[in-house]
Structure formats: structure tokens, C-alpha cells
Amino acid sequence: MTRSRRALGCVLLATLLAGTAPGSVAIANAKDQSLGIQSTVSLPSHAQGNPPPWSGKAFRQGVVAVANPYAAEAGAQILESGGNAVDAAVAIAYALNVVEPQSAGIGGGGFMMIHQAKTGETVAIDSRERAPAAATPDMFVGVPNASLQGVAVGVPGMVRGTEMALERYGNLSLARTLQPAIKLADDGFAATPRYSAASCSSRARNSPEAEAYFCPDGVAPVVGSLVQNKPLAETFRLIATNGADCFYVYQPEKGCDIAKGIVEGQKFNRPQAPNGKGGSMTYADLENYQATLRTPTESTYRGYKLRLMSSPSSGGLTVTQMLKMLERLPLGDESQGFGFGSPKTVNVMVDAMRLAFADRSVWMGDSDFVREPSRGLVHPDYVALRGAAIVPGARITPNPSPGDPRPFEDPDVEAGTLMPTAEPVTGPGETTTHFSVVDKWGNLVSYTNTIESGHGIGVFAGYRGADQPFRNFGFLLNNEMTDFNLTPTVNPYTGEPGFNDVQPGKRPRSSMTPTLILTPDGKPLVAFGSPGGSTIINSVFNVALNLIDHRMSIQDAIDAPRVSVTSTASSVSLEDGFPAETVNVLRGLGYTVSTGADIGSVQAVVVDPKTGKQYGGADPRREGTVIGLPRP
Ligand code: GLU
């Protein structure tokens, strides 16, 4: 797919021109201090509550920004029929299961961040998969290709999560919001380029039934050809008629046998793998699954408020650390050698990532199970101490070790000694999906949803009775458990099991980071997020800097090339589009730089708090689609 990226100079020119508009004069340092910023950097005028220089078409009745056009349409229709942002988000999530089944669906889970216009409150519904009760820290040891085996399947959360969202915040029923997805699965859709390109991956062909559906006779559906999923339509109808319990509780007398399909499906082990291992999930694991309401991580950056996904995501804390470490530097100021994409800017961004990912590898995990030092990790003194290692024009060497944030939230804890530690396991793929919605009342949703790898474990929920054909439920099972540490580790400070080691009922550490940027007085401006494994964190970080420091419009902020490092090492990934000088300077400083691969897929909606006008931005890296209402 071609990507429309403006030349760097044009982006900067547009940004600078917008920056000279009336009312955009940099504000005084006194104002900075009243915003609680310990920095000499002057704020752009929009940090006072004025919006950045949004461009694009404005709407008033709602906007959806989704990584697939059919699912965007599903959300727009729900908004048009009186649904609110939560109703539309639920409809989009189910529709994506049909049209982007490689990325997400009811076999997986995610995080739905909801901002309510009436109360100003932001919550997150955590429908992340949980480890079965019989899961053990060493369950992956000696299992070849564990992410392709049933042992990788976590108890799915999306159905309970969407049920909770609608009950608490929606206007419409689950049955109503399922209608667009049922229609898409029944009537079919035209295969999109991305659907087609993913369909014959080795994961899509991991089981005979998935191969027969996605890649029949070894050939992917041609772009534009009709794709239907009748079994999934039937599964959705069962849920629409009987409610979420029909997914989680085996009730054959009611026709609810989806749970049997999940339990049998996750017993899968690859016939071709001698030490294959199925999962241990039981009916009780499914019955006990609960979605959880979370309070987002709160932060500020140059006067803006940010609300980001909290544990079991590592995203909120890691992005906050990176932003706060760089807040002392004038990233937007070209005259000081910074500015978008300059060697100096990318250099300090990269080292902020390396420092934050060092802490992430030790201190972040499911805080229902481990004592994540969430206050210490973002304490101003701790962040200042860590961030002092960032020196423009130099590369942090040797690779940074994790710090010890505990004394910064509990003075009784003495800082420990530094020891090497395990690196995170997750990685990006053709998977996961992010979308954002705003409705006519000003409610916002930022929702990242996943089955982990592209096509999950490549196995449909389903079962085979004696002499019966395969009863297929039409949705793929996740491989989310491989977001845990694959081998047991030890926290080098506490001596306890690693914070992201497997435990029964625990959720694997995620990188998914649905995010909201608000004005200093708490009015929502932007809802956004991204897929991409641990690169999600960096996509969110890049886009936040593009908006706040580089003053880009939302679409420019999404289109602009991104930089990512997901470990403490000096291996930097740069998308195409950075100046050659930036690549050369980084290499000269000793970084290993790889270029060319896409990073993330950001979908965003924007509200101008002064006028109430709404905007959308979608990512050309995938099939990003914005629909604004009313339609022309
Ligand atoms: N499972 C990953 C996570 O929760 C997301 C996978 C992806 O985005 O590719 O962090």
C-alpha cells in the first residue's frame, strides 16, 4: 500500500505557519510554573487550553477512526441510530472480529478507555485474558513454538468487557450492537488488501480448519472477493439471544455450547511438534472470568493532562516515564537543534525509550498480583535521576539497567543493587487493532483489542463429536499467554518471582496503551492508541510529541515517520522518511539502525473544546478509515 507522507520540510512548514497564527504566542514561564512544569521550555499557546492547529474536515455528530472501512461503517451506523460512543465501540469491536479476524475478536481481549462528557471521568475496562487456574510459571519450558500451541491460550475477555461497557455506559443492548457484525458475517464483505495479504501466513494455516477458511488450497482470497463467516454469525446470534453467559457458561440445554468450543479448541497441540502442549483451561476458568474497571494512569506533559492505560498494561507508566524524562528539553525548538526528526531529537527519544524499557522489564506486571511501584516509577525525583543520563549528542553506554523506584514511593525501602534481568517477550506482528470514537455528546472511546499474534494460535474455537463434523464457532483463539515471561525469572531487587511470570488467574503484561490527551483544565482533546506489540508504547510516545512539541495536525502526527526501541540495547528502528543526516548521526553515535519497516497503526479522534468541532485521523499504514457525521 502506498503511504502518503509529506516531505519533512512541508510538515514543519505547515506546522510553523500554523504556529504563527494569532493567539499562538509562546506563553510566559510564570504560566509554565502554574502548570506545575519544572522546565524552562515555553509552552505553545495550545497548551493553555487552545487546541493545536487541527486540520481536516470538522464534524459535530460524531467521528469514528478505525483500521478497517467495514468496521468503521458499523460504528458510524450505530452512532446514526442514536447510540453513544460506547455502543459504537462495541459494534466496531464485533465487526472487526469478522473483517479483521487476524487482529482481534471474541477469542481475545483488550482495553477500552471511556471518557464521559457529563462527569469528566475517564475509566478503562480491562478485558485482558487471564491465565487458567492450572497455569504454572514453567508451563512454557521445553515447549517448542509455544505461541502456536494451546498452552498459549488465555481465558478470553472481550465478551465480558463489552457487556460491562454497555451495562455501565451504553445506551443500546448487546443484541443491538451485535447486529452490524452479524450482517457482515452473514452477507460477507469484499476481502481487503490487508485481509488477503495476511490469510496464508503460517499462523493462519496452523490448524486444518483455519487453513481451510483463510487459505483454501493454499491460495488467499483475492482482493475484492466475497468473504463470509456463517459460523461466526451463528455464534454472535447465540450471544445476542442469550447474553454474555452463553459465551462463558456451558449450557447445552439452551444451545450455548461456545464454552465447549473454547475448552476443546485450546487443547490444540501441533501434530508436527513432538513436545506440543495443549492448554489447561476448564469450564470453571471461563465461568470465573470477570472484566475489571481500572483507573487510568494520570500524567502531565507541558501542561497537558494525559490519561493512559494502567496495569496490566505497561504502556501508561512507560510512556509517562519517557515524556517526563524529556520534558526538560525543548524538543519543539529547531533553533536549538531539536524539532521533528532532527538527529538531536531522535537521539534523546531513543535513550528515553531505552531507560524506560529497562524499568518496564523488571517493575511492571499485573498489579493485582505484584506490587508494581507505580508511584515511584513516575516520581519527579526518580524520573529526573534516571533522565539525567540522557545527553544530546551521546549514546547511553553501557546499556541502561533498571533502576529502583521503590524508595521514591516508600522511604523505608533501601535501594537495591543492580542486576541484569530478562527482557520482555512480546513483539509486533500483523495483529491487534486500535480504534477511537467520539459521539455527539462528546463522550470518547479509545479501544485497543487483540488476540496477540496475527491469527492468534491459528485455531478456531470448536469441537468434534463422535462421527460428527467439526462444530466451528468461527472465531480464533488468542495466544496471549506468551506475553508472560516464557521462562521463570527472579526480580533482581526483591528476590521474588518476576513480576511478569505466569500465575493462575493473572493477566500477562501488555503494551496496549489507549490514551487520552486533555487540556490543563481537563477537557478532552485527543483519543488515540496503536497496535504493534511493545512498539505500541513508542507509537503513542511519537504521536504525543508530534502533537504537543511539534504542533502537527492530527493527520500529520499520524503520518509522520516513527522511531522505536523496545529494549535497553542500541537497536533503533526508524520508519522511512527521516532525514539521511539523522540516520548517519545515530550510526555515528554507535546505534544500530534499521530502516523501512512500518511501526504501529494509530487511529485518533479529536475534539476542539472551544467550538465542540470533532475531527478524525487514521493510519495509512493499514486500512485506516475516518467517518464523520453528519455525512455529506
Ligand atoms: N499482545 C500485545 C500486548 O498486549 C499486543 C500485540 C500487538 O499489538 O501486536 O501488548
Side-chain angles (χ1 to χ4, degrees), residues 67 93 96 100-105 107-113 124-131 140 146-148 152-158 161 194 198 201 203 292 294 308-319 356-357 360-361 364-366 423-435 446-458 476-486 499-500 502 506-515 528-541 562 564 566-567 573 597-603 619 621-622:
L96 284 166
E100 209 190 358
Q102 69 273 24
S103 297
F111 302 128
M112 186 195 299
M113 186 173 280
I125 293 181
D126 167 4
S127 61
R128 180 83 166 159
E129 299 89 332
R130 290 176 181 272
F140 294 117
S147 72
L148 288 162
V153 182
V155 185
M158 180 180 135
R194 205 172 151 259
S201 70
R203 278 180 184 278
T292 306
R294 304 273 181 203
L308 312 105
M309 191 62 213
S310 50
S311 172
S313 176
S314 56
L317 290 172
T318 311
V319 171
F357 271 87
R360 174 186 179 273
S361 69
M364 299 183 206
D366 182 348
E423 281 301 329
V425 163
T426 189
E430 268 300 300
T431 180
T432 311
T433 191
H434 182 87
F435 61 90
S446 175
Y447 190 172
T448 317
N449 213 14
T450 190
I451 52 172
E452 168 52 1
S453 299
H455 296 96
I457 58 160
L476 291 167
L477 295 170
N478 70 81
N479 64 308
E480 216 70 56
M481 295 299 98
T482 47
D483 271 356
F484 279 120
N485 296 332
L486 293 186
F499 278 23
N500 191 37
V502 184
K506 191 176 180 181
R507 289 169 157 137
R509 177 184 60 212
S510 174
S511 302
M512 294 186 289
T513 317
T515 297
F528 69 112
S530 177
S534 44
T535 70
I536 292 170
I537 293 168
N538 298 328
S539 290
V540 167
F541 175 57
R562 299 183 191 130
S564 175
T566 56
S567 73
S573 302
D598 282 354
I599 299 170
S601 168
V602 174
Q603 270 57 238
D619 207 320
R621 292 167 180 80
R622 292 194 185 175

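Nothing fancy with the numbering, it's 1 onward along the sequence. Counting starts at 1 for both ligands and their atoms, following the listed order.
Close N/O approach between Ser511 and ligand 1 is found [any backbone or side-chain N/O within under 3.5 Å]. At a 3.5 angstrom cut-off on N or O pairs, Ile536 does not count as close to ligand 1. For the pair Gly532 and ligand 1, the shortest N or O to N or O distance falls below 3.5 Å.
Under the 3.5 Å distance criterion, the side-chain polar atoms of Asn538 are left unmatched by any main-chain donor or acceptor of Ser564. In this structure, the side chain of Glu452 does not engage the main chain of Asn478 through any donor-acceptor pair within 3.5 Å. With hydrogens and angles ignored, the 3.5 Å screen pairs no side-chain donor or acceptor of Thr515 with any backbone N or O of Leu308.
For the pair Arg509 and ligand 1, no heavy-atom separation below 4.0 Å is found.
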For this session: Kindly indicate, with the supporting measurements, whether the criterion side-chain hydrogen bond (donor to acceptor under 3.5 Å, both in side chains) is fulfilled by Arg294 and Ser313.
Result: CA-CA 11 Å; Arg294 304 273 181 203; Ser313 176; over 6 Å; no

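Distances below 4.0 Å separate heavy atoms of Pro531 from the following atoms of ligand 1: 8 (O). The ligand atoms of ligand 1 that sit less than 4.0 angstrom from a heavy atom of Glu480 are 1 (N), 2 (C), 4 (O). Interface of Asp483 with ligand 1, defined as ligand atoms under 4.0 Å from a residue heavy atom, comprises 1 (N), 2 (C), 3 (C), 4 (O), 10 (O). Short contacts between ligand 1 and Gly533, defined as distances under 4.0 Å to a heavy atom of the residue, involve ligand atoms 6 (C), 7 (C), 8 (O), 9 (O).
The heavy-atom pair separating His434 from Ser601 by the smallest distance is CB-O, 4.4 Å.
Among Thr513, Thr432, Thr431, the residue whose heavy atom lies nearest to atom 5 (C) of ligand 1 is Thr432.
The residues Arg128 and Asp126 are annotated as not salt-bridged, no charged nitrogen and carboxylate oxygen being separated by less than 4.0 angstrom.
Side chains of Ile537 and Ser314 form a contact here, defined as non-hydrogen atoms less than 4.5 Å apart.
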